[in-house]
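Notes to accompany the following structure.
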Amino acid sequence: MTAFNKIFEAARLTRIAGEFGTPLYVYDEQTIRTQCRNLKNAFEGLPVRFLYAVKANDNPHILTIMHEEGMGYDTVSYEEVLLGLRVKSDPRQIFYTENNMTDQEMEAAIRSGVILNIGSMSRLKSFFSHPGSRECSIRLNPGIGDGHHHKVDTGNRDSKFGIRKDLIPECARLAASHGRKITGLHLHIGSGIRKPENLISAMGVLIEYAQYLPDLQFINFGGGMPIPYQEGDEPFDLAAFAMLAEKVIMDDYMKRDSGFRYYFEPGRWFTAQAGVLLTRVNTVKDQGNVSYLGTDTGLHHILRPALYDAYHAVVNLSRHDAPGNTLYTIAGNICESGDILATDRKLPESAEGDLLAICDAGAYGMTMASHYNRRALPAEVLVNGDTNILIRRRMSAGETVDRHLSDTGFQQN
Ligand code: LLP
């Protein structure tokens, strides 16, 4: 059972594809809101707040939904900061986790008033030496990582992220000597966490190191809550996690002022299951050993399968009631043999013109899309009750090429 079956009806998606064309990302607003509320409810009554990791899906219409649900924004680039500021949030609700930030970006971040979360000693020194700086948060490398793939494990001790644990007392001394404050302590152990116990252990480590920081006002435990992509994937047991987390949090909170806050900042959790990528089969090809369904999308629109061997369920919407009796590999239209969206999937016998849904694509789909092969980006539609709203228009091939020519300053003769 894929998330798709619970959220969208095949007939509706077929109508939407007919109206807006393919390739097309479709998101369901109610699902996003339900995910928000489930998380808020699990921590109700606790001094816990949530930020939305903008990188998962940064369509401004989705950012607006998150804002309405009371989320601040977790951002990781100055561009995301600007986007957050322009969409709605006030700067104090924007958390900016820098990663190899430039001096210019630091300058701009300080001026914008967002909360800067610093991940290296050298950047911390330059921040404290800046005349405009007052306070910041720091990111700790807990030496505990997790994630659905080694490329998204950020908490292991060799990863590029975070300040080494043994340097935390030095951070505190540095702040004091510059008359500055470290008001926040952060970690993020990875994305699509497999073992929630790892996050709980890392939270313990973070709290242990919090003792070195006398000016703390909040602790941020990052994101990483997984969603089930594949039949047999256990859904994340939010209630069980919240129970373990509550104990860690409340043991610490007892020693804190009442205004002290704890944060989580998931991205995938909120939007992944709310989205599908609709694509049309334009080629059916039998290569002898492999039967391919060739589509009008590819790794330039959904990179996760190529980059992480990630699994996304695929449904043939044109024949969703027929038995899945034929083995297909779903290929994209990018000129790379690695452009495979799904391998050896049992689908009904399919034909050119069929409409496929690539499921659970609402997070890290569109935000990781590119113009590779100079292809156009997909359009996006937000479904809300009975209405379907176009939230990114489709650019034609001609417009895409014209944009490229004009951005590169090329003069056509
Ligand atoms: N906070 C920080 C500092 C992060 O770096 C990330 C994700 C998050 C929060 C949100 O993590 P989430 O709750 O979404 O797992 N492109 C990969 C995921 C990379 C995530 C990078 N950082 C994917 O498609 O699986």
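Basis for what follows: all heavy atoms, side chains included, without hydrogens, waters or symmetry-related copies. Both counts, for ligands and for their atoms, begin at 1 and track the order of listing. Quick note: residue numbers are just sequence positions, from 1.
With ligand atoms numbered from 1 in the order given, ligand 1 contributes 23 (C), 25 (O) to contacts under 4.0 Å with heavy atoms of H148. Close approach to G192 involves these atoms of ligand 1, each under 4.0 Å from a residue heavy atom: 15 (O). Listed by number with element, the atoms of ligand 1 under 4.0 angstrom from any heavy atom of G224 are 11 (O), 12 (P), 13 (O), 15 (O). The atoms of ligand 1 that sit less than 4.0 Å from any heavy atom of V152 are 17 (C), 18 (C), 19 (C). Numbered from 1 in the order shown, with element, the atoms of ligand 1 that lie under 4.0 Å from a heavy atom of P266 read 13 (O). Close approach of ligand 1 to R268 (heavy-atom distance below 4.0 Å) involves ligand atoms 12 (P), 13 (O), 14 (O), 18 (C), 23 (C), 25 (O).
Taking only nitrogen or oxygen atoms, main chain and side chain alike, R304 reaches within less than 3.5 Å of ligand 1. Checked against a 3.5 angstrom limit, the closest N/O atoms of T97 and ligand 1 fall outside it.
Using a 4.0 Å cut-off between heavy atoms, A53 contacts ligand 1 through its side chain alone, with no backbone atom that close. The part of Y308 lying near ligand 1 is the side chain, judged by heavy-atom distances below 4.0 Å. Only the side chain of D74 comes within 4.0 Å of ligand 1, counting heavy atoms alone; its backbone N, CA, C and O stay farther away. With a 4.0 Å cut-off on non-hydrogen atoms, K55 touches ligand 1 through its side chain and not its backbone.
In this structure, E135 CD and F127 CZ are separated by 8.0 Å, a value rounded to the nearest 0.5 Å. Atom CZ of R256 sits about 11.0 Å away from atom CD of Q217, to the nearest 0.5 Å.
Centroid-to-centroid, the aromatic rings of Y263 and F218 come within less than 6.0 Å. Taking the six-membered ring for Trp, F264 and F221 have ring centres closer than 6.0 Å.
With a 4.5 Å cut-off on side-chain heavy atoms, F20 and V26 do not count as touching. Annotation: side chain of L213 is in contact with side chain of I138 (closest heavy-atom distance under 4.5 Å). Side chains of E69 and K40 form a contact here, defined as non-hydrogen atoms less than 4.5 Å apart.
The shortest contact between atom 8 (C) of ligand 1 and any protein heavy atom is with H188 CE1, 3.3 Å. Considering only non-hydrogen protein atoms, atom 14 (O) of ligand 1 sits nearest to Y364 OH, 2.5 Å. The single protein non-hydrogen atom nearest to atom 1 (N) of ligand 1 is E265 OE2, 2.7 Å, given as residue, atom name and distance.
Here the closest non-hydrogen pair linking S258 and Y253 is O-OH, 2.7 Å.
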- [ ] Kindly determine whether R33 and E29 satisfy salt bridge (charged side-chain N to carboxylate O under 4.0 Å, His left out), including the steps that lead there.
- [x] CA-CA 6 Å; R33 291 193 188 272; E29 179 165 342; 2.9 Å; yes

TODO: Take D74 and K55, measure what salt bridge (charged side-chain N to carboxylate O under 4.0 Å, His left out) needs, and give me the verdict at the end.
DONE: CA-CA 8 Å; D74 158 54; K55 68 175 81 60; 3.6 Å; yes

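Scanning G222, G267, S191, G190 for the heavy atom closest to atom 18 (C) of ligand 1 points to S191.
Every heavy atom of H149 sits 4.0 Å or more from the atoms of ligand 1.
Between F241 and F43, the two ring planes are perpendicular [angle over 60°; tilted spans 30° to 60°].
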